Amino acid sequence: MLTQASRRIRPHILRIVAFCVIFLVTLWLLRRAFDQPIAEPLAPVPVEDDLKDIHNRTLGFEKIFVVNRPARTDRRDAMTLAAAFTDLNLSWISAVSGDQVLDLTIPLDKEPANPPRSGDKGGWRSHLHAIHAVVEQRLTTALIMEDDLDWDIRLRDQLRTFALSTRALLQPLSILLADRADPTFPQHDDTREIVNISFSDLPETARPRTSLYGDHWDVLWLGHCRMEYPSVFDEAYSLGRVVQSNDPTVPSRNYMHGEWESAKFTDDYPDHTRVTHHAKLPLCSHAYAITQRAARVILFELSIERYTDPFDVSLAQLCEGQRGPERKLTCITTQPALFKHWKPRGWVNSASDIANLRDEWKDVAGSEIIRWSVGVNMERLVRGETGDWIDQYPDTGDEEEEEEDKVQVTEPDSNQAEKGYFITRRN
Ligand SMILES: *[C@@H]1O[C@H](CO)[C@@H](O)[C@H](O)[C@H]1NC(C)=O
Ligand SMILES: *[C@@H]1O[C@H](CO)[C@@H](O)[C@H](O)[C@H]1NC(C)=O
Ligand SMILES: *[C@@H]1O[C@H](CO)[C@@H](O)[C@H](O)[C@H]1NC(C)=O
């Protein structure tokens, strides 16, 4: 009886076992197919909205470092307040001045073409201190900022659209295919025209695994004082751009005059356009995010290999592959920049330790390009106000008026009662 029953059951058991085995093998194969090998340590893959970490205190990076010379307590106080009101957690890096840098620590050529000036030495070493920290702490990504910056109250909204744009430029269209929306990345093909991807029609891309800004970047150059974009003739570049129309955080073009960003930027695009693209000829390392891989490359190239130029120029050379194509970093930027130099009220030369600017009294504090400036709105923030933000570059529809407004802080506009950018926007 019993053996007969077991004989009847045996085929079923075999089938179930075979099914389980096939199921597990399929699962294992699928996992293998989906798991591309990644050298960097993995950040946890976010569930639900995978952009939600932009709302955390480090803007979706692992840390935010601010390079600050401890003697510049004024800047540290201003940044600490701005960070408190925009809910950022800053980690301070002690910057050094040029005379604190030992010449023998600088990997100069025998007869350097551009021997570093004192300020360049300080800037070089201070940024390398921050990059050293990224390597030492094995951070997957970090944002490095200088200590005299201003940004828009809507920074997190800007970063959200920026992250979607970098993904469109860099991520494959799906986990199974290597194809990208920009067919010129990573291999440039100089027969192609510039690829314009519209922000309002972004392609679906594979969900990134290492950073919510995408898997295939090295540097996100978020704060610059000048930037160009690649043209069809630049062989070292990929050509894709993401074009976002009607970005309310972008001032109209008559405020820009091509002085602040690339001159072509204002010629090529209508008012309130933001363009996210591969960096070309960037200037000023106000704020940039780097990955662990990039941090290692930069520390090696600039501290061990060779000092050739000031820090921002050297970083630009790495972005452009000028130190050799195998050392090229993938650097993405956005125009206009998201971080700009904050110019406090006072004597102009106190705004910079490096440049020998003419002594000039500045009556009104401000920054270029940043519309709902945290710095300009600081007094309102301190008073606990949550709307009616002062717009440094309001649309008036009148070009001459806008030209005059450029230097003035304007009255708050009641349409801007946009509340709760700080506390409620966080998760
Ligand atoms: C913010 O998000 C990033 C990416 O998920 C994460 O690495 C980082 O630790 C988070 N920061 C904070 C303060 O939670
Ligand atoms: C900022 O981050 C550090 C660790 O990096 C943590 O110890 C500290 O509590 C954080 N501060 C806030 C206000 O989140
Ligand atoms: C993309 O936009 C740029 C700037 O407006 C233009 O020069 C270029 O021809 C465009 N490319 C295509 C394929 O339309």
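Remember, predicted model here, so these are calculated numbers, not experimental data.
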Can E368 and K343 be counted as an ion pair, charged N to O under 4.0 angstrom?
-> yes

Does D150 use its side chain to pair, donor to acceptor, with the backbone of S373 at less than 3.5 Å?
-> no

Is it true that D152 and R371 make a salt bridge, defined as a side-chain N closer than 4.0 Å to a carboxylate O?
-> no

Begin with the C-alpha distance, continue with both residues' side-chain angles, and end with the deciding distance and a verdict on salt bridge (Lys or Arg N to Asp or Glu O under 4.0 Å) for E62 and R138.
-> CA-CA 10 Å; E62 227 168 300; R138 307 287 192 278; over 6 Å; no

Taking 4.0 angstrom as the limit, do R117 and D120 come out as a salt bridge?
-> yes

Hey, are D182 and R241 close enough for a salt bridge, meaning a charged N less than 4.0 Å from a carboxylate O?
-> no

So, N68 side chain and R72 main chain: donor-acceptor pair closer than 3.5 Å or not?
-> yes

Considering all heavy atoms of both residues, which atom of H272 and which atom of V250 are nearest to each other, and what is their separation?
-> ND1-O, 2.6 Å

Would the number of heavy atoms belonging to other residues, nucleotides or ligands and lying under 6.0 Å from CD of E204 be above 12?
-> no

Any donor and acceptor pair, going by atom type alone, linking the side chain of D271 with main-chain N or O of S252 inside 3.5 Å?
-> no

Any donor-acceptor pair under 3.5 Å linking the side chain of Q244 with the backbone of S198?
-> no

Give a yes or no on whether the backbone of L281 and the side-chain of E228 come within a donor-acceptor separation of less than 3.5 Å.
-> no

Assign the ring pair Y288 / F311 to parallel, tilted or perpendicular, where the plane angle (0 to 90°) is split at 30° and 60°.
-> tilted

If you take all heavy atoms of R167 and T205, which pair is closest and at what distance?
-> O-CG2, 3.7 Å

Within a reach of under 6.0 Å around CZ of R327, are more than 12 heavy atoms found that belong to other residues, nucleotides or ligands?
-> yes

Checking side-chain hydrogen bond (donor to acceptor under 3.5 Å, both in side chains) for the pair T333/H277: CA distance, chi angles, key distance, verdict?
-> CA-CA 6 Å; T333 189; H277 59 89; 5.5 Å; no

Expected output: side-chain R207 to main-chain S174 donor-acceptor under 3.5 Å = no

Under the criterion side chain to side chain contact (heavy atoms under 4.5 Å, CB included), which of R293, E301, E320, R323 is the partner of L329?
-> R293

Evaluate the ring planes of F61 and Y213, with Trp represented by its six-membered ring, and classify them as parallel (under 30°), tilted (30 to 60°) or perpendicular (over 60°).
-> parallel

Where the side chain of K121 meets the backbone of Q100, is there a donor-acceptor pair that is under 3.5 Å apart?
-> no

Take D363 and W361 through the test side-chain hydrogen bond (donor to acceptor under 3.5 Å, both in side chains) and record every step on the way to the result.
-> CA-CA 6 Å; D363 224 11; W361 178 259; 3.0 Å; yes

